[in-house]
Every structure is written in structure tokens, then in C-alpha cells.
Protein chains: 4
Amino acid sequence: MNQHSPSVGRLAPVTARGQRSRLRLLRAAEYVFGQKGFEGASIAEICRRAGSALGSFYTYFPDKKAAYVELVDSLGSRLRSELATAVEGIDDRLDVERAGLRAFFDFAARHRQLYRIVRQAEFVDPPAFHRYYRKLAAAYSTGLAKAMDEGELRVLDPEIAAYSLMGMADFLGMRWVLWETGDLDHVVDGAMDFLTGGLSVPPAKPKLATAAKRTTKRITKASLHAHR
Amino acid sequence: MNQHSPSVGRLAPVTARGQRSRLRLLRAAEYVFGQKGFEGASIAEICRRAGSALGSFYTYFPDKKAAYVELVDSLGSRLRSELATAVEGIDDRLDVERAGLRAFFDFAARHRQLYRIVRQAEFVDPPAFHRYYRKLAAAYSTGLAKAMDEGELRVLDPEIAAYSLMGMADFLGMRWVLWETGDLDHVVDGAMDFLTGGLSVPPAKPKLATAAKRTTKRITKASLHAHR
Amino acid sequence: MNQHSPSVGRLAPVTARGQRSRLRLLRAAEYVFGQKGFEGASIAEICRRAGSALGSFYTYFPDKKAAYVELVDSLGSRLRSELATAVEGIDDRLDVERAGLRAFFDFAARHRQLYRIVRQAEFVDPPAFHRYYRKLAAAYSTGLAKAMDEGELRVLDPEIAAYSLMGMADFLGMRWVLWETGDLDHVVDGAMDFLTGGLSVPPAKPKLATAAKRTTKRITKASLHAHR
Amino acid sequence: MNQHSPSVGRLAPVTARGQRSRLRLLRAAEYVFGQKGFEGASIAEICRRAGSALGSFYTYFPDKKAAYVELVDSLGSRLRSELATAVEGIDDRLDVERAGLRAFFDFAARHRQLYRIVRQAEFVDPPAFHRYYRKLAAAYSTGLAKAMDEGELRVLDPEIAAYSLMGMADFLGMRWVLWETGDLDHVVDGAMDFLTGGLSVPPAKPKLATAAKRTTKRITKASLHAHR
DNA sequence: AATGAATGAGAGTTCATTCAT
DNA sequence: TATGAATGAACTCTCATTCAT
């Protein structure tokens, strides 16, 4: 175990000074873990960055993994909370989707460590990894199910829809937020276009379709060109 | 042809015995890397599993990373080839999507190490990681663009659509292949339902819509129940 | 008087509250040192057990070793005092031996940490270790010499006899008090039998010897059986 | 676990070079453990002394403790074997005792690390500690029981006698081999005197007793003087 | 006197890689 | 080619002790 427990030393600091130290360490850990991954990060570097002595890390965390797990949980709840705030008060469910997607991209842009930390969690602590996605999915599923019940969305299996939408957001963010910052408006529009109407051609007016086709074809070729 | 031809990144064995040793090592590596991750895996364990001596690893691979990168590339090309085979000769583009999704799930079920190896590639060798997804996306985008051109699919930005569909497949596979083996037919149906028609309620015949709604609503509730 | 008077090796508390804290720490130290050994014990655990803060230890002891040494000395003097009390007023010297042996076993049973603390003292502070045994041996030798002088015991080198008797008591206690609680009366009887008459067969009356032999032979075999 | 196992790396070396390395490490470990105790010894120092690299220790031992336990077992069997050799062919049982005692003192003198290593084993690995004494005691008890059966020794509980004799030897060795090298002949004589005839005064010829008394009294006083 | 945060030297252990055979 | 011993840098974690409050 750790050297501490109830009376002597705790992991939750009691003094204000302790609070500050712990926070500094956690922030440094978020940065370093995001930069180097779990294995690549060293406690020494985290402490150096936090301006603490090596041993101080263990005043606040039982071990390296615990700090990592705390970060995963924290990123998850920060993300969920930002998403909730972003869609608050929006009535139209498709607008909710748009705002949510946008908010996710913003979050990812402000927390570029998100992907690396969450994805590597699978190797560090599978439960934390599952927790992250399951909590997101649960909230998402519930929202979708409600909207379907109320006739605002087409009726689908909400959990399948939730994982589909999460996967979309995840991959689009990886591609256009992480790898190559692009015109996010365009990405959001494109994604909304897809998730709103799906792939299949509506049994519709041929003239309109042709016009649209020409337009997007150009985009298509440019995109393909750009990436080998 | 590309930067990953046989002679680059690997030390090609000349004798048949060497061929066999190399393959045994690679198979062992795939297993161990999939089980323990890149950092967690040790060359010693790989050699033990392959029945080779510790030093022999370096007869065939310059270092640990090289073997890992080769695996990522190999998984990528095996997957692309299986997908291509699976959809070969299918005319209807939506049937192509269905068959592709199914083939991906099958592949993931047979290569449960896929997710762990590919995802961790980001930390081991970012180029290999990008290559994996970019090659998949390029092929996918091209196919979608063609189908859109030919009027088989609604016209969308094909790269956005490709990443969206890849994200869907990835997350659905993670959820229903990796985490919890479920009724894959149901998942494929649900995913096709979503990706075909999207979320928005069609401005359609009220009677049909109502009927469908009631039917699927029951499914919905069951699903929610089943997964917390 | 000697080099271990109250004010040396300890920081004497002045207030009553201080007295209590010091004692609590010492008791906790005795427990933890006995449980984990000198190196295995941590100041943190001692403080936790004592209900004190980590820093408080150093209010009363200059360092870890000082507390340990104080315990060794204290165990030594407590033991010597109990032994002295136990044999007080006993006239027959062999009865003194019996009572002393018994008292030692009782002490060891009540202070199971005794062996571990004293034996490890050799590594922590050799002088304290020697002091412990030399003081015991000195008192013992004196007593034996006196009894020999007075014709109550056979005349032997008293120091050799003292160390022999201490070794006997030590090992018998280790075996039948520490390791496996047995029938102590039987052990005391057996030990007295040995230390009274020694190993050699007296040039005695054949009939009695034969009878005794048969009787004890049975005990013998049972004992051997019982302990592998 | 260790990085090694069946095919890749073993703890038992297969090459002659490996044999030599292992032996060098074990000898160095015996020296350093004996000098500094288990906790005080560092693998680094052992390797330095053995002329090996730090990591090589772990080629042959899974951890520090394993090497220690191996030493305890090895000391135990070396001692038992020397004792067995020393008494081989001796008919008179009391002569066996004398030769055994002497052999033990010799062994202790040549392996001054014996006491420190064995005694600290209690904290490092209790089973090894028990094994050491129990094996000695078992052999000893058997020998004593046989001699008692055959009428060569007075009949006593052989296990009690064995532990008594082991304790005597242990303490006498500690006092006159380890602490202060003395006249071992005198110690052996004195010990034999005690263990042969015990403490009690035989109901014998007064004249002889008086003579003996005077002789030993002088020794007594000298001894007492010498040690405070 | 008491608290608990801070310190940092030092430990055991792992393991990718090299090398002699 | 194959083997397995050898290497040593690097890591996580512990804990006695000090110090500011």
C-alpha cells in the first residue's frame, strides 16, 4: 500500500496548499499523459512540470495508474457536462445534434490530449475505458429515445444510433480536428447532411439531384487528391 | 511500389527455415501485442511463444517497433482485402454497405486484437496509424464517390461520409463484437436502417409512419433495458 | 547510572499530554516493529497506529533507530525484572530454574514480538543487542555461581552454564511458544529433566532404569511422530 | 514474473559460462547479505562484487528474496553435511556430541555470516527459517532417540533434548565464536560437562566435589569480571 | 506540541538490445 | 542461423526526515 491512510497522510489533501499541489500535479499529468501516452510518461516528468518533488506525486495518488484513471473520468465528465450545456434549451432535435457535434469538436480542439488519453485507457484500466463510453452512450441513448418517442426523430434502436453517432463524431474529430484542422463548418454541415437524411436517394425530383451532384463531385475530387 | 515493400522495414530471410521462423515470430507478436499492448508486450514473451531464442528476434526485425508496424500494415491490408472480396460483385450500393459492415464485424471477431493493435499504433508509430485509416478511407471515399456519381447514393461529401461510416462501424464493432457479443444481425439491420435513411422523419404518409413507430418503439425500450 | 538513563536517547516530554503521546508512540512502535521488523516497519504506520501525526514522532525520538533501541532495552529490563520477581523467595536452586524457565515462556507468550525485536537488533544496533544478552547472562551467571558456591549446584563454569541455559530457554520458547503452542508443562518438565541430570546414563540400579526407559520410550516415539 | 521461462531465458543456466556467473553471484550475495543483512544489502553491491552487470542478477534469480532463501537452504545443508561427516564413525554418543559441537563451532567460525543470515531469514521468508531449524532438529532428534533406545543416553524427550542442545550450541557459538573468540577447547569442555551431567549435584563423595568446586570458582570470577 | 505537506536519495526490477559462441 | 548470457539505462515507488504553519 501507500505510506498513508486515515490519520497519517491522505490522498485527499486537507490544507489549501495541498489542494493546490494536487491540482498542479493533475494538470501536469494531463499534459504529459496526453503528449507521451501512459507508458511513455514518467512520474518524474509530471512532477518536474508541476514543480513538485518526485515523492509528492505519491502524496496525492497511490500510483501512476490512479492519476490516469482520474483523468479519464474527469475528461469524461467534463465532456458530458459541456455537451449538456451546449444543447440546453435547444428544441429541435436535429439542432441538438448539430450543437452537440460542434461542441464535441470544440472540446476536442481544446483538449487535444482527449483522444490519446481515452484510447490508451483501454490498456491501462479497461473499466475506466468502458465507463467513459458507456456513460456517454447512456446519456445519448436516452436523449435519442425520448426524441423518437416524441416523434422528432425517425424511430430506430437508440443504442445503435447512439454508438453510430458517437463513432461518427469520434472519427470526424480525429480526422478534422486532430490530424488536420479543416473548415469545421463544412464538416459539421456534411455530417448533419449525412445523419439527417442518410445515404439513400429519396424518390425525388431528378433536376435538383443533378445540380447537387455536380457540386459535390468537385469537392470529392479535391478531398481525395489532398490525401494521397 | 509504396514505402512498404517487402525489403523495407524487415530483414528478409533467405532460407525456408528462416521463412518459417520469421512467420512464427510474427504470429506470436500479433498475439502478444494484441493481448498486452505495445509496451506491455516483451520481446522475450514473443520469442517464448514462437519457440525461438531471444536473440533470434533481431535476426528478422530491426527492433520491436518494426514488428509492430508490420503488423499494423498487415492487419490493414488483410482487412481491406477481405472487405473488397466481401463486396465483390454486389451491384446495389446499399447492399455493398451491408456486406461491408458485416465483413468488418466478422474480421473483428476473428481478429480481436485488431482494435488494440491499431489504436495503440498512434503512440508507437503515428505514420502507421494514419496510413491504416487513410488507406481505408481513400478506398471507401472512392467507392462512395462513384456510387454518388452514378446516382446510387445521395450526393454528400464522400470523405465526410467515409469517415462517418468508418466511425460507425468502428464503434458498433467495439460495442457489439468486442465488448459484448450480441445479435449481430440486429446490429447490422439497425445500422443499415440508420445509415440508409438518417435520423430525420420523412415528410411521409401518416398511416405508415405511425405503424412503423409503434413497432420499433417496442424494440427501443427493450434495448434500453438490456444495456443499462 | 548506566549509559541509558532517561535523558539519553530520548527526548523527554515535559507536559502530561506529551507523556501520553510518547507512550502511545512507543507502544505502537513495539507492535509494528514486532510485526514487520525494523526495516519493514514505517514511521508512518507507527504514527497511524498511535493516532499521531507523522511529524510528531520526531518530537519524541531523534530517529527510527532510537525508538527501536529503547524498545530493546525496555524489553530486556522488563524480562529481567519479571524473571527476578518470579524466582524471588524460592530456596531450592533447581526450583529457581524451573520457575525462571516458566516465567520466560510466559513472558514470551505475552510478548510474541520479543524474539523478532531482539534478534533483529543485531542489525540495527549491535550494542543494544549485546547489552540485552550480556545483562541477562551477567545476572544469570552470578546466580549460578552463588548456587555453586553454596553447593546447591554442581560446579561448572557459570558463564558457560548461563549461556547454555539461555540458549535452551530461547530455543525451547521459539519451538513451543512461538511456532506451535504445545503442552508447556511437558516442555518444562522435559527441560528440567535434561538440565538437572544431563544426558549421560547414571551408573545406577538396573531395574529402575529399565522401567523408566520403557515408559519414556513411548513418549519419545509419540513426540517424534507429532513433529515430523 | 520474470522475463524468462522455458525456452527463452531460464533461471538455471545451461552454459558453463552461465554456471560460473550464477555461482559468482551467489558467493557475492552470501558475503554481502552476511555483512549488511537482507535489507541493508543491495543488488547493486552484490553485482558489483560479483563483477556482473546489475541486470544479470535477474538472469539467475527471480528476485532478491530468492537468492536469500537459496543461501539459507544452502547454509543449512552445508552445516548438516559437515556435522554428519564430523561424527561419522564415532561410537560413543557423548563423543558424538563433543565432535558435533566442535564441528558446529568450526563451521560458524568459517561462516561468520551464518548467524546473521539465518536469523534474519525469519523476516525474509519464515518458511526457510523454519526449514533450517526443523531439518537440523529432525536429524538431531532421530540420533538422540536412537542413542536413548540403545541405552547410550539417559531417556528423555528427544525433541526437547534436541532443541535444548541446539540452543546451547547456538548461544555458545554466538558468545565464544562470534562475539569474542575464546579458548574453544575450554568452552567445549565446559559445555560437555554441563550436558553430560546436568546441574544437579550427584549424591556423591564429598571430597571430590569440594576439590572441583574450588577449581571452577576461580574461573567463574574471572569470567564475570571480564564482561562487566 | 502538533500537524501534514514536501523532499529526494535510493531501492528493486524490467527489458530492449548487443554479443560471444 | 540460432542461442542465451550480458548489459545498463530507465522506471516506479518507498520512506525517513525536514519544515512551514
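Letters A, B, ... are given to chains in the order of the sequence lines, protein chains preceding strands, and every chain is numbered from 1. Side chains are part of it too, since the values below use all heavy atoms of this structure and drop only hydrogens, waters and symmetry mates.
- With hydrogens and angles left out, the side-chain atoms of C:Ser74 and C:Arg78 include a donor and acceptor closer than 3.5 Å.
- The residue D:Leu54 sits close to a base: some heavy atom pair falls under 4.0 Å.
- Among the atoms of the strands shown, base atoms are found under 4.0 Å from some heavy atom of C:Ser56.
- The CZ atom of B:Phe57 sits 12 Å away from the P atom of E:dT18 (whole-angstrom rounding).
- Straight-line distance from the NZ atom of C:Lys65 to the C1' atom of F:dT17: 16 Å, rounded to whole Å.
- With distances taken from any side-chain atom of D:Tyr60 to the nucleotides F:dA2, E:dT13, F:dA5, the minimum falls on F:dA5.
- Which of E:dA16, F:dT3, E:dT13 sits closest to the side chain of B:Ser52 comes down to F:dT3.
- Both D:Gly51 and C:Gly40 sit near DNA chain F, but only D:Gly51 has its closest nucleotide nearer the 5' end.
- With respect to B:Arg22 and B:Glu70, a salt bridge is recorded, a charged nitrogen being found less than 4.0 Å from a carboxylate O.
- Here A:Phe33 and A:Phe38 bring their ring centres to under 6.0 angstrom of each other.
- If you take OH of A:Tyr58 and C1' of E:dA9, they are 15 Å apart, rounded to a whole angstrom.
- Distance CD1 (D:Ile46) to P (E:dA11): 12 Å, rounded to an integer number of Å.
- The side chain of B:Ser21 approaches F:dA2 more closely than any other nucleotide in the set E:dA11, F:dA2, E:dG8.
- Between the side chains of C:Gln113 and C:Glu30, at least one donor-acceptor pair of N or O atoms lies under 3.5 Å.
- At a threshold of 4.0 angstrom between heavy atoms, the contacts of A:Ala41 are confined to the sugar-phosphate backbone, with no base atom among them.
- The side chain of C:Arg22 places no N or O atom within less than 4.0 Å of a non-bridging phosphate oxygen (OP1 or OP2) of E:dA1.
- For D:Arg17 and E:dT18, the CZ to C1' distance is 11 Å, given to the nearest whole Å.
- Between B:Tyr133 and B:Phe129, the ring planes are perpendicular. Angles over 60° get that label, and only those under 30° would be called parallel.
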**Request:** Show your working on side-chain contact (heavy atoms from CB on, under 4.5 Å) between B:Tyr58 and B:Ile43 and close with a plain yes or no.
**Result:** CA-CA 10 Å; B:Tyr58 294 89; B:Ile43 306 288; 3.9 Å; yes
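- Across all strands shown, F:dA9 pairs with E:dT14; the Watson-Crick or G-U wobble distances both stay below 3.5 Å.
- One interatomic measurement links the two molecules: CZ of B:Phe38 to C1' of E:dC15, which rounds to 12 Å at whole-angstrom precision.
- Taking every side-chain heavy atom of D:Ala53 into account, F:dT7 is the closest of F:dC11, E:dA16, F:dT7.
- Within the shown strands, E:dT3 is the pairing partner of F:dA20 under the Watson-Crick or G-U definition, both distances less than 3.5 Å.
- Looking at heavy-atom distances under 4.0 Å, B:Gly18 makes no contact with the nucleic acid at all.
- For the pair D:Thr15 and C:Gly55, both in contact range of DNA chain F, the more 5′-proximal nearest nucleotide belongs to D:Thr15.
- Between F:dA16, E:dA16, F:dT1, one nucleotide has an atom nearer to the side chain of C:Lys64 than all others, and that is F:dA16.
- The distance between atom CD1 of A:Ile43 and atom C1' of E:dT7, rounded to the nearest whole Å, is 16 Å.
- Per the geometry, CZ belonging to A:Phe61 stands 15 Å off P belonging to F:dT12, to the nearest Å.
- For D:Thr59, whose side chain is taken as the heavy atoms from C-beta onward, the closest listed nucleotide among E:dG12, F:dT12, F:dA6 is F:dA6.
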